[in-house]
Amino acid sequence: MAINQKSYDYGAAKSSIREIAAYGAARKAQIGAQNVFDFSLGNPSVPAPDAVRASIVRNAALPASQLHGYTPAAGLPAARQAVADSLNRRFQTSYEPGDLYLTCGAAAAISITLHAIVNPGDEVIVIAPYFPEYRVWIETAGATCVEVMADATTFQVDTAAVDAAITPNTKAVIIDSPNNPVGAVYTRQTLLSLASVLSGRSDELGHPIYLVSDEPYREITYGAEVPWVPAIYDRTIVCYSYSKSLSLPGERIGWALVPNTNPDHDELVLAVAGAGRKLGFVCAPALFQRVLIDCVDEPTNVEAYARNREALAGGLRGLGYTCIEPEGAFYLWVKSLEPDAEAFFRRARDLELLPVPSNSFGCEGWVRLGYCVSYETIVGSMPAWQKLAESYR
Ligand code: PLP
C-alpha cells in the first residue's frame with residue numbers, strides 16, 4: 001500500500017463511540033429526537049459559563065492581527081501565567097508559565113506527552129476499562145499499549161497488577177481520575193500505593209517510569225477528593241483540558257504541565273516542546289488562550305450532572321440493573337444483562353437506547369452511559385430500560 005497502513009487502519013476501524021453517536025443522529029432524524037435515547041458521547045450538556053461569552057466578546061474587539069495572529073508555540077505567556085497562578089492557588093505549588101504547554105485539548109496534551117517520553121519498543125500501561133484513544137496515541141508514539149485491569153469491585157487501580165505488568169520496557173502509566181468510563185475517583189491511598197510501586201520499580205530498573213495523569217474531569221465530582229497527583233508522585237506529567245470543566249470541547253484548549261518538582265523537569269520541558277513541534281501541535285487556538293486568562297477560575301456547573309446521575313443511577317437500580325456509583329465525571333458504568341455486551345447493546349438499540357458496550361474500553365460485560373444529556377432524556381428513557389430488563393426475564 002502506497003499510503004500509511006497504520007493510519008489507514010485507524011481510519012477504517014473508526015471510533016465505535018462516534019459510530020454509535022452518528023447512528024443516533026441519523027435515527028433522530030428518522031423518528032424524532034425525543035424518541036432516541038443517546039447516551040454515547042461525552043459532549044457536555046451544560047452550557048459554557050457566561051463569563052466565556054463575555055470574554056469572547058471583549059477579545060473580539062482586539063485588532064485582527066492580534067486576535068488572529070500566531071502565539072508562541074507553547075502559548076501566550078499571559079495565558080500560561082494565568083493557568084500557573086490558578087494551579088498555585090489551588091494546590092500550593094510554585095509553577096511558572098514555562099512549565100506549561102497549551103494544547104488543542106487533552107488529546108494533544110497526551111499525544112505530546114507520549115511523544116516526549118517514549119522510544120520505539122517502550123511500553124505504556126493503561127488501566128482498563130480505559131479511554132480508547134489512549135491506545136491510538138500510545139501506538140502512534142511508537143510504544144506498546146499494555147492493559148491492566150482495574151480492581152473488579154471498586155475500579156480503583158489494582159496496584160499489585162500494575163506492579164506485575166511492569167517490565168524493563170515500561171516507560172509510563174496513564175491514569176484518568178475522575179475516570180472515563182467508570183466514574184471512579186482514585187483515592188489518596190490508591191495513588192500513594194501506585195506511587196510506591198512506580199518509584200520502587202523505577203529505582204530497580206534504573207530508569208524513570210512516568211505517570212501521565214489525564215484530568216479533564218478534575219472539577220466534575222460529587223464530593224470526592226481528587227488529590228493533586230504531582231504532590232504524591234514526583235515523576236508525574238499532568239494533561240488537562242477545558243472541554244468538560246468549561247464545556248468547550250469544540251474549541252480545543254487544554255495543556256500539558258511538567259511540574260517543577262519532576263526530577264527530569266528541564267529535559268521534559270524541552271521534549272514536550274519538541275514533541276509539539278514534531279506533531280505540528282503548536283499555538284493552541286489563540287482566542288481561547290485569551291479566554292483562559294479571564295475564565296481559568298470559573299466554577300464548573302456540576303449541579304445538572306449531579307441531578308442526572310441521581311435520576312439515571314437511581315432509576316436503573318430501581319429496575320434491577322447493577323451499576324457503579326460514579327464519584328466523578330459524567331458516566332455511569334452499568335452491568336450488561338448478558339455476558340456479551342455487544343449483544344446487550346444491540347438489544348438496547350432496538351429499543352432506541354444507545355449506550356456504549358464495554359468492549360470499546362478494553363473489557364467485557366458492561367456498558368457506559370454518558371449522562372451529559374438532558375434530564376428529560378434520562379426520565380424519558382426509563383420505560384425502554386424497563387422493557388430491556390423485562391426482555392431478559
Ligand atoms: N481523556 C479522556 C479521559 C476523555 O474522556 C477525553 C474526551 O472525552 C479526552 C481525554 C480528550 O479530551 P479533549 O476533548 O480535551 O481532547
Side-chain angles (χ1 to χ4, degrees), residues 15-21 38-46 48 52 75 83 100-115 124-138 140-141 145 147 150 155 157 172-186 211-221 226 229 237-257 276 279 281 284-285 288-289 291-292 295-296 300 305 326-333 356 358 360-363 368-373:
S15 145
S16 56
I17 301 175
R18 293 204 172 269
E19 294 267 279
I20 295 168
D38 183 358
F39 296 97
S40 62
L41 274 186
N43 210 11
S45 51
V46 307
V52 167
V83 174
L100 286 150
Y101 191 101
L102 302 190
T103 59
C104 288
I110 299 164
S111 289
I112 283 177
T113 300
L114 290 167
H115 277 264
V124 177
I125 292 175
V126 297
I127 311 301
Y130 63 99
F131 182 59
E133 297 309 292
Y134 289 162
R135 173 175 286 279
V136 178
W137 300 333
I138 290 168
T140 303
C145 178
E147 298 178 3
F155 288 94
V157 181
V173 177
I174 304 183
I175 56 168
D176 158 34
S177 170
N179 182 262
N180 174 12
V182 169
V185 173
Y186 297 157
L211 186 55
V212 178
S213 186
D214 176 28
E215 308 191 351
Y217 301 95
R218 167 168 281 281
E219 283 73 26
I220 303 174
T221 63
V226 185
V229 181
I237 300 165
V238 183
C239 297
Y240 185 80
S241 141
Y242 298 89
S243 294
K244 318 292 172 170
S245 58
L246 293 183
S247 297
L248 295 173
E251 305 300 353
R252 316 307 299 134
I253 188 77
W255 43 257
L257 167 77
L279 293 165
F281 290 175
F288 280 83
Q289 293 189 37
V291 167
L292 285 194
C295 301
V296 73
T300 303
Y305 300 132
E327 293 174 297
F330 39 52
Y331 305 102
L332 186 68
W333 194 239
V356 179
S358 60
S360 305
F361 306 101
C363 79
R368 185 194 78 171
L369 275 62
Y371 54 86
C372 45
V373 295

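The figures that follow rest on heavy atoms only: side chains count, while hydrogens, waters and symmetry mates do not. Throughout, residue positions are numbered sequentially from 1 according to the sequence presented. When a ligand or atom number is given, it counts from 1 through the structure's own listing order.
- Among protein residues, Gly105, Ala106, Ala107, Phe131, Tyr134, Asp176, Asn180, Asp214, Pro216, Tyr217, Ser241, Ser243, Lys244, Arg252 come within 4.0 Å of ligand 1, judged on heavy atoms.
- Applying the ring pair (Phe, Tyr, Trp, His ring centres under 6.0 Å) criterion to Tyr371, with sequence neighbours excluded, gives no partner residue.
- To the nearest 0.5 Å, atom CD1 of residue Ile17 and atom CG of residue Asn180 are 7.0 Å apart.
- Between Tyr217 and Tyr331, a ring centre-to-centre spacing shorter than 6.0 Å is recorded.
- The salt bridge (Lys or Arg N to Asp or Glu O under 4.0 Å) test applied to Arg252 returns no partner, not counting sequence neighbours.
- In this view, Arg218 and Glu215 satisfy the salt bridge (Lys or Arg N to Asp or Glu O under 4.0 Å) rule, not counting sequence neighbours.
- Across all non-hydrogen atoms, the minimal contact from Cys104 to Ala284 is N-CB, 4.2 Å.
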